[in-house]
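Read the structure below first, then the notes.
These numbers come from the heavy atoms of this one structure, side chains and all, not from hydrogens, waters or symmetry mates. Labels below follow one simple rule: chain letters A, B, ... track the order of the sequence lines, proteins then strands, and each chain is numbered from 1.
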2 protein chains.
Amino acid sequence: MNFSIAEENYIKAIWRLQQADSNVTTNELSAELQTKPASVTDMLKRLKEKKILNYEPYYGVKLNADGKKIALGIIRRHRLWEYFLVEKLKFEWDAVHVIAEELEHVSSPELVERLDHFLGFPKADPHGDPIPDSSGRMETSKHISLHQLKEQQPAIVSGVNDQSSGLPEILRQKKISIGTKVEIKQRFLFDGSIEIKIRNQPLITLSEQLAKNIYVTPL
Amino acid sequence: MNFSIAEENYIKAIWRLQQADSNVTTNELSAELQTKPASVTDMLKRLKEKKILNYEPYYGVKLNADGKKIALGIIRRHRLWEYFLVEKLKFEWDAVHVIAEELEHVSSPELVERLDHFLGFPKADPHGDPIPDSSGRMETSKHISLHQLKEQQPAIVSGVNDQSSGLPEILRQKKISIGTKVEIKQRFLFDGSIEIKIRNQPLITLSEQLAKNIYVTPL
DNA sequence: TATTTTTTTTAGATTTGCCTAAATTATAAT
DNA sequence: ATTATAATTTAGGCAAATCTAAAAAAAATA
Ligand SMILES: [Mn+2]
Ligand SMILES: [Mn+2]
Ligand SMILES: [Mn+2]
Ligand SMILES: [Mn+2]
């Protein structure tokens, strides 16, 4: 079956939301997609017709097996293109998400497979998110935000928020990148800021805002 | 201003047709775009509103300066992507047109400039068609089809039809590629086939169908 | 020049994807 | 258990992009 760009965006949004929540509500979707709840209801009815999700009026929606497979195909394309944009075209990684939102809808399967090969079969995109393979399998990376990390719990930076612009600059300045080992030494309730230890350098302070956009895997 | 995918396809089709014909008719467009004449009329009215073309009911349509610039931007993207697909992803060049029809609509100007740089600022796409520069300038290659070439008139193969599938295979077999010097030695009126001389090899026969899909620049 | 044919436009519908406003259902609070 | 609030759906509409059928205009032919 064939899906329009609008449909693909809904499928991807449902997939993302159901990772956290299993059952996705109309309001959550309308917030995610910047549309009105009434428009979401419309689209859910259409996608139910296409048998890729279970939608129970008033009780939310969930992708079925077919729907998940389609979602992972879109995510695969999105992340491969992000990798291409950063590695080959030398974009900063805060600029690529918007462009990949368009490229992900180019539908040639041959293109995706050749792109993957050209890129050397990367395992993760520039934000640290895993790239599904051609049959839709993907490592389930269960990282948390640095903001949620417990004090004195060492962790490895495993990703960053792919939507926030200006992030590369501040992370470069603070010498943090994917793979960096970090540990929270102190947490200030006043403003949510944290002091972290990196390697053997003096403590650095991160704002709550910043810590929420960095993802880590506890060791 | 911003243009939809449908609008961009119309703009490109008008541009292509007005190269041959200056004034483009509704029927020509409907044939080119595989739509009904009534749909063309509708769209021409919308594009006239946007002030990128001169449309006189019953008398055809012509892009104005703004329209031409937009068209050349789309053509630039199309041809850069075709070059990428062949040179980097190793597609055969009869496969890339369809994919480039989608990629050309990805709208980031930054993407186009970086892609151009990444590819080494190519001058022509895999079919021999010139790639407009970022300000819309393009060499006007005036090649003719090999079928139209006069006998005993040496010429260089300068391009191929970008839409015909199976062409790379037969050209490889006959050892013809862009840059090859050719000369028609004999022409058969019976079936339109021609005998051509390449380098110092024995004459080869090309069908009318094939000769019409190869473009040459007479020396 | 008058008539026929072809081209083009208009009128009226349809589908997709969105909207606002009103009605309905579910959930939370008294 | 009612009542109030919040979430969701329905109803009705709109714009883009397409279509078919009918009308109108231009071009070709007699
Ligand atoms: Mn992204
Ligand atoms: Mn990403
Ligand atoms: Mn092409
Ligand atoms: Mn081409």
Between [N] atom [atom2] and [X] atom [atom1], what is the distance in whole Å?
X	N	atom1	atom2	value
Lys36(B)	dT14(C)	NZ	C1'	16 Å
Leu44(A)	dA7(D)	CG	C1'	14 Å
Asn27(B)	dA27(D)	CG	C1'	13 Å
Tyr59(B)	dT9(C)	OH	P	11 Å
Gln34(A)	dC19(C)	CD	P	10 Å
Glu28(B)	dT8(C)	CD	C1'	13 Å
Leu33(B)	dT18(D)	CG	C1'	12 Å
Tyr10(A)	dT16(C)	OH	P	14 Å

_Candidates dT8(C), dG17(C), dA16(D) - which lies nearest the side chain of Thr25(B)_ = dT8(C)

_Presence of Arg46(A) side-chain N/O under 4.0 Å of dG17(C) phosphate oxygens OP1/OP2_ = yes

_Counting only side-chain nitrogens and oxygens, does Thr35(A) get under 4.0 Å of the OP1 or OP2 atom of dG17(C)?_
no

Does [X] reach a base, just sugar-phosphate, or nothing at all? Heavy atoms under 4.0 Å.
X	value
Asp42(A)	base
Ser39(B)	base
Thr41(A)	base

*Indicate the ring-plane relationship of Phe118(A) and Phe84(A), choosing parallel, tilted or perpendicular according to the 30° and 60° boundaries.*
tilted

Regarding [X] and [Y], does a basic nitrogen lie under 4.0 Å from an acidic carboxylate oxygen?
X	Y	result
Glu8(A)	Lys12(A)	no
Arg114(B)	Glu110(B)	yes
Asp116(A)	Arg76(A)	yes
Arg79(B)	Glu104(B)	no
Arg16(B)	Glu28(B)	no

Can I get a per-line list of side-chain donor-acceptor pairs under 3.5 Å for residues 35-44 of chain B, giving both atom names and the distance, sequence neighbours left out?
from, atom 1, to, atom 2, distance (Å)
Thr41(B), OG1, Pro37(B), O, 3.3

*Residues from residues 48-58 of chain B sitting under 4.0 Å of DNA chain C, heavy atoms only?*
Tyr55(B), Pro57(B), Tyr58(B)

*Nearest nucleotide by nearest heavy atom, which residue falls closer to the 5' end of DNA chain D, Ala38(B) or Met43(B)?*
Met43(B)

